[in-house]
Amino acid sequence: MNIGEVARKSDVSAKMIRKYEELGIIPRAGRSESGYRRYKDEDIYVLRFVKRARLLEFSMKEIKGLLTLWKNKNRSSAQVKKITSLHMQELENKKREIESMLKTLKELSTLCHGDEKADCAILDGLAGSQKACH
């Protein structure tokens, strides 16, 4: 299959397929006599795996590790669970940070009159001004 077919079947853009090859996430495609990339059916499954892992915000390093484990039928599921547990903790930390940011923005937004005047509690708060606290 050519890159366009694989892109359609995997729901990964041709640009990202080339990028994943460059990063070593997926193996380099074979080439036809005319120099076009040629892919196998299994490449579609790998690309779908990568796409799903990216949607779950695994890093490229983590994805490489997970792909290696996925392809290794002698792996232990404990290895996979360890990577996933660490990633879940990172997501939990990120969630707390986002919740804190939302709380601050909601507080600043509540203080802002949102009228035609130049005074703006949001801008004052972003600038670290004490005005936003009153």
Side-chain angles (χ1 to χ4, degrees):
M1 287 176 281
N2 66 34
I3 198 166
E5 290 173 279
V6 172
R8 277 189 303 282
K9 290 181 179 183
S10 67
D11 199 28
V12 175
S13 71
K15 179 180 177 181
M16 286 310 299
I17 293 170
R18 288 189 290 274
K19 182 72 170 175
Y20 292 151
E21 280 185 40
E22 213 176 276
L23 294 172
I25 300 289
I26 62 170
R28 293 231 180 250
R31 298 286 180 154
S32 67
E33 287 181 23
S34 55
Y36 290 104
R37 286 178 167 88
R38 301 301 298 165
Y39 295 90
K40 303 176 206 159
D41 286 336
E42 75 180 52
D43 294 324
I44 294 168
Y45 299 110
V46 172
L47 288 165
R48 286 179 182 162
F49 182 103
V50 172
K51 180 174 181 162
R52 180 79 170 132
R54 290 297 297 147
L55 289 172
L56 294 171
E57 293 198 17
F58 281 99
S59 69
M60 288 300 178
K61 182 180 177 184
E62 290 167 326
I63 292 171
K64 277 185 178 183
L66 290 168
L67 276 170
T68 299
L69 290 169
W70 184 46
K71 292 175 183 178
N72 177 0
K73 300 305 177 197
N74 296 318
R75 70 177 177 273
S76 71
S77 63
Q79 294 170 289
V80 179
K81 188 165 185 167
K82 181 179 178 183
I83 293 169
T84 302
S85 294
L86 290 171
H87 184 63
M88 287 187 319
Q89 186 59 52
E90 289 172 11
L91 290 175
E92 286 291 339
N93 292 340
K94 191 182 286 189
K95 177 184 168 189
R96 279 190 292 281
E97 290 172 7
I98 290 170
E99 286 171 347
S100 176
M101 288 185 272
L102 280 170
K103 181 179 181 238
T104 300
L105 290 171
K106 285 177 184 177
E107 288 169 359
L108 291 173
S109 183
T110 300
L111 296 171
C112 181
H113 294 99
D115 55 20
E116 299 301 317
K117 296 179 185 172
D119 279 349
C120 180
I122 296 170
L123 294 176
D124 291 340
L126 292 173
S129 169
Q130 294 301 319
K131 288 172 73 175
C133 298
H134 293 78

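- The other residues sharing a hydrophobic cluster with L102 are I98, M101, where clustering joins ILVMFWY side chains under 4.5 Å apart.
- In this structure, the separation between NZ on K9 and CG on D41 is 6.5 Å, given to the nearest 0.5 Å.
- Considering all non-hydrogen atoms of both residues, V6 and L47 come closest at CG1-CD1, 3.3 Å.
- More than 12 heavy atoms of other shown residues, nucleotides or ligands fall within 6.0 angstrom of atom CZ in R48.
- Judged by distance alone, the side chain of H87 and the main-chain N or O of L56 form a donor-acceptor pair under 3.5 Å.
- Rounding to the nearest 0.5 Å places CZ of F58 at 10.0 Å from CZ of R52.
- Listed for the Q89 side chain is no donor-acceptor partner under 3.5 Å among the backbone atoms of L86.
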Requested in this report: Quick one: do N93 and E97 satisfy side chain to side chain donor-acceptor pair (under 3.5 Å)? Show the steps, please.
Outcome: CA-CA 6 Å; N93 292 340; E97 290 172 7; over 6 Å; no

Query raised in the report: Which is it for F49 and K71 under the side-chain contact (heavy atoms from CB on, under 4.5 Å) test, yes or no, and what are the steps along the way?
Result: CA-CA 11 Å; F49 182 103; K71 292 175 183 178; over 6 Å; no

Query raised in the report: Between K19 and M60, does a side-chain contact (heavy atoms from CB on, under 4.5 Å) hold up when you go through it step by step?
Result: CA-CA 11 Å; K19 182 72 170 175; M60 288 300 178; over 6 Å; no

Requested in this report: Might you work through the side-chain contact (heavy atoms from CB on, under 4.5 Å) test for N2 and E5, ending with a clear yes or no?
Outcome: CA-CA 6 Å; N2 66 34; E5 290 173 279; 3.5 Å; yes

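- Note: D43 CG to M1 CE = 7.0 Å, rounded to the nearest 0.5 Å.
- With rounding to the nearest 0.5 angstrom, the CG atom of D119 is 7.0 Å from the CG atom of D124.
- Distance check, rounded to the nearest 0.5 Å: CD1 of I122 to CG of L105 gives 8.0 Å.
- Salt bridge present: E107 and K103 bring a charged side-chain N and a carboxylate O closer than 4.0 Å.
- Taken to the nearest 0.5 Å, the CD atom of E57 stands 10.5 Å off from the CD atom of E62.
- Contact check for R54 versus M16: no side-chain heavy atoms found under the 4.5 Å cut-off.
- Under a 3.5 Å cut-off, the side chain of T84 and the backbone N or O of V80 do form a donor-acceptor pair.
- For R75 (side chain) and L69 (main-chain N/O), a donor-acceptor pair under 3.5 Å exists by modelled atom type.
- Distance alone, capped at 3.5 Å, is enough to place a donor-acceptor pair between the K51 side chain and the D11 backbone.
- By the criterion of side-chain heavy atoms lying less than 4.5 angstrom apart, applied directly or through intervening Ile, Leu, Val, Met, Phe, Trp or Tyr residues, V50 is grouped together with L23 in one hydrophobic cluster.
- What you find for A7 and A14 is that their closest heavy atoms are CB-N, 3.9 Å.
- With hydrogens and angles ignored, the 3.5 Å screen pairs a side-chain donor or acceptor of T110 with a backbone N or O of K106.
- Considering only heavy atoms from C-beta on, R37 comes within 4.5 Å of R18 through its side chain.
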Query raised in the report: Taking it one step at a time, do I17 and Y39 satisfy side-chain contact (heavy atoms from CB on, under 4.5 Å)?
Result: CA-CA 11 Å; I17 293 170; Y39 295 90; 3.4 Å; yes

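- In terms of heavy-atom proximity, L108 sits nearest to G125 at CD2-CA, 3.7 Å.
- L66 and L91 sit in two unconnected hydrophobic clusters of ILVMFWY residues. Membership requires side-chain heavy atoms under 4.5 Å apart, directly or through other members.
- For A53 against I63, the heavy-atom pair with the smallest separation is CB-CG1, 3.6 Å.
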